Amino acid sequence: MQNYRTKIISNQEISPGYFRMKILAPGFGEKAHPGQFVMFRVQRSLPPLLRRPFGIFRTGFLPADCDGLPPKEFVEIVYKVVGSGTSIMADLHDGDRVELLGPLGNGFDCTSRQGEKILVGGGIGLVPLYMLAGELIANGCTVRLLMGGRTRDDIFAVTEFERLGVETFISTDDGSLGEEGLVTQVLERKLQKYPDAEVFSCGPLPMLGAVHSICAASQVPLQVSLEESMACGVGACLGCVVKGAGHTDENPSYLCTCTVGPVFKSQYLDWSALGQSDNSCGGCV
Amino acid sequence: MQNYRTKIISNQEISPGYFRMKILAPGFGEKAHPGQFVMFRVQRSLPPLLRRPFGIFRTGFLPADCDGLPPKEFVEIVYKVVGSGTSIMADLHDGDRVELLGPLGNGFDCTSRQGEKILVGGGIGLVPLYMLAGELIANGCTVRLLMGGRTRDDIFAVTEFERLGVETFISTDDGSLGEEGLVTQVLERKLQKYPDAEVFSCGPLPMLGAVHSICAASQVPLQVSLEESMACGVGACLGCVVKGAGHTDENPSYLCTCTVGPVFKSQYLDWSALGQSDNSCGGCV
Amino acid sequence: MSEQNKANIKRPNLGVEIAGIKLRNPVMPASGTFGYGEEYAPFLDMEKIGAIVTKGLSLKPKAGNPTPRIAETVSGMLNAIGLQNVGIDAFIKHKMPYLRTVNTPVIANFFGNTLEEYGEVARRLNDIPEIAAAELNISCPNVKQGGIVFGTDPQAASEVVTLVRKNLQKPLIVKLTPNVTDITVVARAVEEAGADAISCINTLTGMSVDVHTRKPRIANTTGGLSGPAIRPVAVRMVHQVVQAVSVPVIGIGGIARPMDALEFLIVGATAVQVGTANFVDPTAMLTIIDGIEEFCIDEGIDDIHQLIGSLKL
Amino acid sequence: MSEQNKANIKRPNLGVEIAGIKLRNPVMPASGTFGYGEEYAPFLDMEKIGAIVTKGLSLKPKAGNPTPRIAETVSGMLNAIGLQNVGIDAFIKHKMPYLRTVNTPVIANFFGNTLEEYGEVARRLNDIPEIAAAELNISCPNVKQGGIVFGTDPQAASEVVTLVRKNLQKPLIVKLTPNVTDITVVARAVEEAGADAISCINTLTGMSVDVHTRKPRIANTTGGLSGPAIRPVAVRMVHQVVQAVSVPVIGIGGIARPMDALEFLIVGATAVQVGTANFVDPTAMLTIIDGIEEFCIDEGIDDIHQLIGSLKL
Ligand SMILES: Cc1cc2nc3c(=O)[nH]c(=O)nc-3n(C[C@H](O)[C@H](O)[C@H](O)COP(=O)(O)OP(=O)(O)OC[C@H]3O[C@@H](n4cnc5c(N)ncnc54)[C@H](O)[C@@H]3O)c2cc1C
Ligand SMILES: Cc1cc2nc3c(=O)[nH]c(=O)nc-3n(C[C@H](O)[C@H](O)[C@H](O)COP(=O)(O)OP(=O)(O)OC[C@H]3O[C@@H](n4cnc5c(N)ncnc54)[C@H](O)[C@@H]3O)c2cc1C
Ligand SMILES: Cc1cc2nc3c(=O)[nH]c(=O)nc-3n(C[C@H](O)[C@H](O)[C@H](O)COP(=O)(O)O)c2cc1C
Ligand SMILES: Cc1cc2nc3c(=O)[nH]c(=O)nc-3n(C[C@H](O)[C@H](O)[C@H](O)COP(=O)(O)O)c2cc1C
Ligand code: FES
Ligand code: FES
């Protein structure tokens with residue numbers, strides 16, 4: 001991990017409110033694992049004060065320059081405009097200077113190399129699943145991706161996932177794209193069909209909670225990627241903790257989302273606390 | 001005066017570090033007098049917190065639209081990049097939304113309609129003299145403008161002043177444009193030639209102090225435009241005061257630069273206090 | 001919400017009562033940031049805001065401090081105006097005529113250099129029928145007690161409030177300083193001494209240095225910090241004071257947007273004052289009032305009292 | 001200044017001494033914002049900064065508060081981590097091995113829940129030869145005295161410092177809270193009780209509310225405000241403390257840029273700590289050190305002591 005003082009290559013709206021940003025980052029790709037994230041500094045001046053965490057969508061190289069210079073390496077993030085920081089980000093342009101800390105955190109464990117893998121992504125939670133899908137497929141796994149969103153606007157990168165060789169299943173709350181209904185209903189059906197699958201999920205907390213219940217009931221292994229408010233991203237501030245399984249007031253277990261996570265094996269988390277803590281993160285500065 | 005929520009028409013660098021900004025402002029021109037100023041809100045978000053005061057360079061109308069719409073009225077300011085606020089301003093573009101409070105303050109008294117008028121401007125202090133020159137010439141006066149700067153970069157709008165019918169005399173500290181030396185030396189010479197002249201001046205405080213001494217010695221009337229740190233610009237915060245002539249600790253006289261000024265008849269000011277107060281305004285936020 | 005929906009909806013009641021005076025809504029300027037009202041008349045309809053609060057008044061005119069008196073800081077500003085004001089006589093003669101023309105309650109902020117002066121100004125305020133209430137600023141140094149600020153010592157605060165209460169025949173709001181270890185102690189002291197309402201916070205004492213001249217950026221060396229930077233401290237203190245007293249509390253400190261005002265109302269302030277934000281945007285109070293109304297409509301609140309003190313702990 | 005000129009110029013001496021320990025320059029992290037050092041090792045050369053200051057240590061491991069623990073505010077942040085830490089034993093076992101490899105003085109920040117615990121941690125620190133000094137955080141509630149914070153009461157502060165001083169065989173820095181009426185009273189009390197240096201300020205207590213959920217944005221209701229927003233308050237308090245005591249003072253609060261650090265040095269701080277800014281930019285301390293050096297060169301200063309306390313009043 002490293003602090004990149006770098007610049008934006010491109011920043012485009014890909015669906016209403018969703019943006020893809022490519023950022024120049026030499027040497028980033030070889031260090032990055034699926035499920036890791038970056039701390040992005042929106043601009044040099046205030047506000048916002050703190051960096052914003054974003055999952056790594058993918059890394060890659062731009063085509064080589066015609067003047068024979070080596071191809072440029074980039075990291076790509078996908079973000080949804082939700083508040084002050086992401087609003088400013090939406091106004092950034094190619095060439096604008098930004099800072100990026102990463103790759104950070106513990107990503108998905110892809111060591112189990114065989115069998116069915118089911119990925120469940122809700123809205124912006126699709127982001128870390130792209131690199132994951134790529135790695136799983138490279139490992140020889142069969143990957144099915146259940147994409148959920150409130151409306152069609154929340155579904156993106158379908159073609160790119162399919163190009164990797166992923167079978168995609170789309171569901172939206174309003175039926176504006178794919179099946180009408182919750183992505184978790186699709187998951188239940190798939191698990192009946194593939195009872196030995198391993199599940200990986202990222203998305204809003206209520207969705208993750210439901211995915212956890214379903215997987216626990218089916219005794220299927222699950223890894224989830226969580227979001228918590230973060231100040232440092234490197235384990236120094238202790239602001240981003242979640243309660244681990246078996247946490248009690250007398251025998252507390254707090255795990256840093258930024259270093260132990262953001263990806264956790266679901267059995268190591270205290271799901272009752274996650275449900276109730278109302279840690280919606282966001283909010284007006 | 002009024003709070004304009006408006007937008008920028010153009011924002012151009014006219015000399016290294018000096019910018020001219022035209023801002024849409026319907027109805028502004030008929031209310032504005034030479035020497036008045038505006039409080040400019042750099043952007044809706046922080047920083048900077050406070051508005052910045054700028055003299056009115058001129059007001060006018062853009063040529064009428066081809067589609068038959070009435071011509072657009074604008075106010076134009078000229079600013080020098082010196083700190084955080086003006087740096088952000090330099091990055092603004094046509095169409096960017098800004099807010100403008102004005103016209104504010106008491107401008108120059110041009111009621112003495114005859115005779116020789118000598119205008120002395122140092123660097124960015126040239127700004128309020130343009131509208132003043134226009135009005136004096138319209139009143140039938142002869143106007144001579146002594147323009148001073150450290151280098152040629154600090155001299156701007158020469159042609160525009162000349163187009164008004166003003167005779168201009170340039171001097172720079174380094175001789176890179178016009179005569180080498182201080183503008184106050186030129187003033188002394190001119191006052192020998194035109195002992196009945198009235199003097200109007202705007203520029204850095206040391207220059208104004210020298211102009212005051214020269215005019216006082218020659219018993220020539222002088223009006224000066226001052227700069228003070230301002231929070232409100234409308235007489236509410238009492239942050240921008242200067243000491244009036246005869247100020248004592250027992251019998252204090254504090255005058256608001258934003259409402260009594262920014263233009264003062266020089267005999268009403270306590271020049272000893274102005275010299276020593278070290279109120280350099282600026283500074284790092 | 002669409003314009004049409006808005007028109008169909010009953011407008012929520014924003015009226016509140018502070019120390020016996022009825023306000024059409026809970027938003028008013030903070031003393032010292034709104035002159036004597038007239039300065040802002042060109043920019044906003046004075047009959048839209050809840051009340052007008054004057055610059056702090058003293059018995060005699062006060063010249064204030066040498067300059068520089070203000071300096072910008074990160075998301076805030078320092079000021080050491082030194083309570084410059086025209087004095088109570090000139091206020092009556094030159095400033096009241098305008099204020100009389102406005103159909104909005106006027107709150108006179110005032111202070112004294114000595115205990116006696118506090119009492120005397122209070123008496124003089126009785127003679128102005130159009131003054132709806134007085135706001136007592138106890139953030140001034142108590143010259144007799146070696147310059148210790150009245151408002152930082154519960155004993156001194158109690159004394160000055162008791163005296164003013166005796167002399168004043170109008171509702172009394174007491175304004176607290178945040179520069180104390182425990183604001184609830186002072187709040188309880190002034191409540192017991194007869195305050196009808198409490199407003200807080202005044203400015204936090206701060207300082208800033210020009211590194212090139214190595215001089216303070218305020219001639220007075222230190223100044224009062226105000227603006228968005230101090231809001232979290234203000235919200236905390238208002239929350240504490242609301243818990244500690246039973247008189248209504250007016251929340252002040254860094255309010256610039258509707259949701260800033262809502263934070264104070266939710267922790268239990270009955271009304272709010274907007275200070276530094278007036279300088280940044282002279283129409284800030286109107287935007288805040290509209291925003292509070294819109295929030296109430298969105299949340300299905302038909303009376304602002306359902307919002308006040310609705311903090312969930 | 002051109003690169004060539006720079007090369008020709010003698011580099012100024014930035015070395016300072018705090019409580020008997022020599023620092024290569026006056027810039028170090030603030031406790032709790034730099035983990036145990038190792039967390040930031042990938043981002044900056046630990047042998048370039050003046051010292052390393054650890055997260056606050058207690059006798060037993062401490063779990064800290066429920067979440068959310070942090071929230072951004074205007075130019076600042078609130079935190080209520082609740083002093084989560086591994087405890088002194090795990091610190092020695094798991095964190096010291098890394099710190100031993102670094103040729104930079106390590107300052108252990110510590111606290112206790114009771115007077116006895118403070119003393120016990122101090123004793124345990126004696127056994128770690130590589131700890132250069134201890135920084136005593138007295139911003140914790142004194143459970144025995146009904147939860148009043150040690151650092152807000154000069155008497156309690158004096159007691160805890162006296163006890164720690166007796167138990168500790170290393171230089172003792174005492175870190176003060178800004179949430180007091182008069183910080184100089186506490187500063188003098190801890191100096192008399194044996195502090196070798198004073199660091200200030202810790203965070204200002206603040207609060208922020210999510211207007212939609214109507215809950216505090218920090219689970220603990222209130223949290224500590226840090227970051228650029230508090231700098232003017234910090235500069236003022238450091239200025240006051242420097243005047244009040246004769247031991248060296250370490251300035252803390254909102255330092256993010258070289259000129260922020262310079263403000264503190266000019267009012268008389270012998271060294272500075274950088275807190276929240278580390279989160280924003282992990283290399284902030286290096287930029288600050290370089291900026292201080294460049295400022296000295298530009299101003300013709302060849303020893304930083306010419307800058308320290310050079311405020312012109
Ligand atoms: C490990 C991780 C990976 C993430 N990956 C992505 C991603 O790939 N794409 C994406 O769009 N978003 C992602 N998020 C969420 C993203 O960080 C927030 O949407 C973003 O910080 C909002 O900033 P804002 O200034 O627009 O919102 P504001 O609400 O103005 O932010 C206020 C504060 O709350 C924090 N905050 C707000 N929402 C969240 C949130 N959901 N999670 C954590 N902190 C939050 C902000 O960081 C900031 O400190 C991720 C979060 C985490 C922790
Ligand atoms: C009546 C009046 C008319 C002015 N007209 C012009 C003009 O036509 N063109 C122009 O370029 N400048 C003019 N100035 C100066 C201009 O206001 C400052 O250069 C500007 O505010 C600097 O802002 P900054 O954020 O870039 O500087 P910073 O140093 O970052 O500003 C910090 C604070 O200091 C204040 N400040 C800094 N310098 C000055 C100054 N010289 N006078 C008053 N306040 C200052 C700022 O407003 C701000 O509050 C005028 C000032 C006044 C009072
Ligand atoms: C320039 C200025 C002058 C002030 N003068 C007074 C005053 O005369 N009396 C008073 O009680 N408070 C005075 N205050 C304090 C404000 O009323 C208010 O309590 C403080 O600024 C915090 O609110 P804000 O953050 O919204 O500005 C003044 C504040 C400023 C900025
Ligand atoms: C997340 C966080 C954790 C902190 N933990 C401690 C601590 O354990 N001990 C301590 O003495 N101060 C602690 N502090 C206070 C800082 O050391 C510092 O005094 C304060 O943040 C002000 O400095 P800043 O504005 O540069 O951040 C903490 C601050 C933050 C933001
Ligand atoms: S974000 Fe700081 S410890 Fe995780
Ligand atoms: S700037 Fe506020 S009174 Fe002049």
Side-chain angles (χ1 to χ4, degrees), chain B residues 1-5 31 39 41-52 83-85 99 101-104 226 228-244 247-259 273-274 276-285, chain C residues 29 32-44 55 61-86 208-213 215-219 223 226-229 254 256-257 275-284:
Chain B
M1 54 187 158
Q2 181 183 334
N3 185 32
Y4 288 87
R5 288 168 201 265
K31 290 176 275 175
M39 290 294 279
R41 187 173 185 188
V42 175
Q43 52 185 3
R44 298 233 55 185
S45 66
L46 305 168
L49 178 69
L50 299 174
R51 292 188 183 219
R52 301 313 197 222
S84 59
E99 284 180 44
L101 204 65
L104 300 171
L226 296 184
E228 280 294 324
S229 290
M230 294 184 172
C232 72
V234 301
C237 75
L238 306 178
C240 66
V241 297
V242 290
K243 290 180 185 161
H247 169 102
T248 57
D249 282 350
E250 304 77 47
N251 212 343
S253 154
Y254 279 122
L255 311 172
C256 274
T257 304
C258 69
T259 49
L274 273 174
Q276 119 222 128
S277 91
D278 193 49
N279 189 352
S280 52
C281 290
C284 358
V285 172
Chain C
T33 67
F34 205 64
Y36 302 97
E38 201 167 358
E39 291 85 347
Y40 276 104
F43 306 107
L44 85 173
K55 173 75 192 160
K62 203 161 185 287
N65 288 331
T67 60
R69 292 178 170 186
I70 57 172
E72 190 169 329
T73 63
V74 178
S75 299
M77 66 176 280
L78 290 170
N79 90 77
I81 305 302
L83 294 166
Q84 177 179 341
N85 79 97
V86 296
S208 177
V209 175
D210 181 322
V211 299
H212 297 289
T213 63
K215 289 190 184 178
R217 288 170 60 216
I218 296 271
S226 64
R257 301 167 304 175
T276 303
N278 294 314
F279 305 152
V280 181
D281 179 0
T283 62

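Fair warning: this is a prediction, and the values are worked out from it, not measured in the lab. Letters A, B, ... mirror the listed sequences (proteins, then strands); counts begin at 1.
Interface residue C/P228: only side-chain heavy atoms are found under 4.5 Å from chain B. Heavy-atom distances place the side chain of B/E99, and not its backbone, under 4.5 Å from chain C. With a 4.5 angstrom heavy-atom cutoff, B/M230 touches chain C only via backbone atoms. Contacts of C/Y40 with chain B are made by side-chain atoms alone, with heavy-atom separations under 4.5 Å and no backbone atom involved. Interface residue C/F34: only backbone heavy atoms are found under 4.5 Å from chain B. Heavy atoms of C/N278 lying under 4.5 Å from chain B are absent altogether.
Of the inter-residue distances, the one linking C/I218 atom CD1 with B/S229 atom OG reads 8.5 Å to the nearest 0.5 angstrom. For the atom pair CD of B/E228 and CZ of C/R69, the computed distance is 10.0 Å after rounding to the nearest 0.5 Å. If you take CG on C/N85 and CG on B/L238, they are separated by 9.0 Å, rounding to the nearest 0.5 Å. Distance check, rounded to the nearest 0.5 Å: SG of B/C237 to CE of C/M77 gives 6.0 Å.
A 4.5 Å side-chain heavy-atom check between C/T67 and B/V241 finds at least one atom pair inside the cut-off. Two residues are said to be in side-chain contact when any heavy atoms from C-beta on lie closer than 4.5 Å; C/P282 and B/L101 meet this criterion.
Heavy-atom pairs under 4.5 Å with chain C were tallied for B/N251, B/T259, B/L49; the largest tally goes to B/L49. Of the residues considered (B/H247, B/R5, B/M39), B/R5 shows the highest number of contacts with chain C, using heavy-atom pairs under 4.5 Å.
Counting all heavy atoms, side chain and backbone alike, B/L50 lies closest to C/F279 at CD2-CB, 4.4 Å. For the pair B/V234 and C/F43, the tightest heavy-atom approach, listed with the atom from each and the gap, is CG1-CE1, 3.8 Å. Pairing each heavy atom of B/M1 with each of C/P42, the nearest pair is CE-CG, 3.6 Å.
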